[in-house]
Amino acid sequence: SSRTDKYFKELIWKKGEFERVKFDDDYQISVHKTGNESVSVLQDLSTGELKVLGFATMKALAEISGFNEVPVFIDGPLEYLDEEVQASFLQQLPTFMPEKQVFIFSVDRESIVRFGNKNVKSSNFFRLTRDSSSLSTNVVAFKQ
């Protein structure tokens, strides 16, 4: 609970709005806003806030699991997020799990291309393309 709470507060762009993220003994999660700590607002979170909660939980679990060598795969991290939330997430991503190998799968977006060009070695930045004639997927180096 404490690690998820910490990482949620680090990632969320609405600083100071949330008081606490907590897991109970049955692993049920609750999210409490500042000033209204008795009621969980989990069901009221936006798609972006839920994604941030998921990323925070993923980092907390990665730390406490003991599986330090296991990579993390994130599929579509920016889907359904507005530009402000995308920018906030991408700004914090390079330091979010520095001890982990992170694979990000995303549709082509200018923000992902900029992020990759700035933060990823060119030898580790790839584009997946579909070959319509064979229905196979090709992996090609991303041209920067």
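Since we're looking at a predicted model, the values are computed, not measured.
For the residue pair Phe18 and Val31, the shortest heavy atom distance occurs at CD2-CG1, 3.6 Å.
Residues passing the salt bridge (charged side-chain N to carboxylate O under 4.0 Å, His left out) test with Glu79 are Arg109, sequence neighbours excluded. Take Ser136 and apply the side chain to side chain donor-acceptor pair (under 3.5 Å) test, not counting sequence neighbours, and it matches Ser134. By the side chain to side chain donor-acceptor pair (under 3.5 Å) test, Glu17 is found to be paired with Lys33, residues two or more places apart in sequence or in another chain being considered. Take Thr137 and apply the side chain to side chain contact (heavy atoms under 4.5 Å, CB included) test, not counting sequence neighbours, and it matches Leu128, Arg130. Partners of Arg20 by salt bridge (charged side-chain N to carboxylate O under 4.0 Å, His left out), not counting sequence neighbours: none found. Partners of Lys51 by salt bridge (charged side-chain N to carboxylate O under 4.0 Å, His left out), not counting sequence neighbours: none found. Not a single side chain to side chain contact (heavy atoms under 4.5 Å, CB included) links Gln91 to another residue, sequence neighbours left out. Among residues two or more places apart in sequence or in another chain, the ring-ring contact (aromatic ring centres under 6.0 Å, His included) test is passed with Phe103 by Phe73. Partners of Asp75 by side chain to side chain contact (heavy atoms under 4.5 Å, CB included), not counting sequence neighbours, listed by chain and number: Phe105. Applying the side chain to side chain contact (heavy atoms under 4.5 Å, CB included) criterion to Leu50, with sequence neighbours excluded, gives Leu42, Leu45.
Using modelled atom types, one side-chain atom of Asn119 and one backbone atom of Phe115 make a donor-acceptor pair closer than 3.5 Å. One N or O on the side chain of Lys15 and one on the backbone of Glu10 form a donor-acceptor pair closer than 3.5 Å. For Thr4 (side chain) and Ala60 (main-chain N/O), no donor-acceptor pair under 3.5 Å exists by modelled atom type. For the pair Gln86 (side chain) and Leu81 (backbone), a donor-acceptor distance under 3.5 Å is present.
Annotation: the span from Ile29 atom CD1 to Ser1 atom OG amounts to 7.5 Å, rounded to 0.5 Å. Distance CD1/Ile74 to CZ/Phe55: 5.0 Å, rounded to 0.5 Å.
Heavy atoms from other residues, nucleotides or ligands lying under 6.0 Å from NZ of Lys22 number 12 at most.
Evaluation of the ring pair (Phe, Tyr, Trp, His ring centres under 6.0 Å) test over residues 25-53, restricted to residues two or more places apart or in two chains, returns none.
Annotation for Leu61: hydrophobic cluster partners, listed by chain and number, are Ile64 (ILVMFWY side-chain heavy atoms under 4.5 Å, direct or chained).
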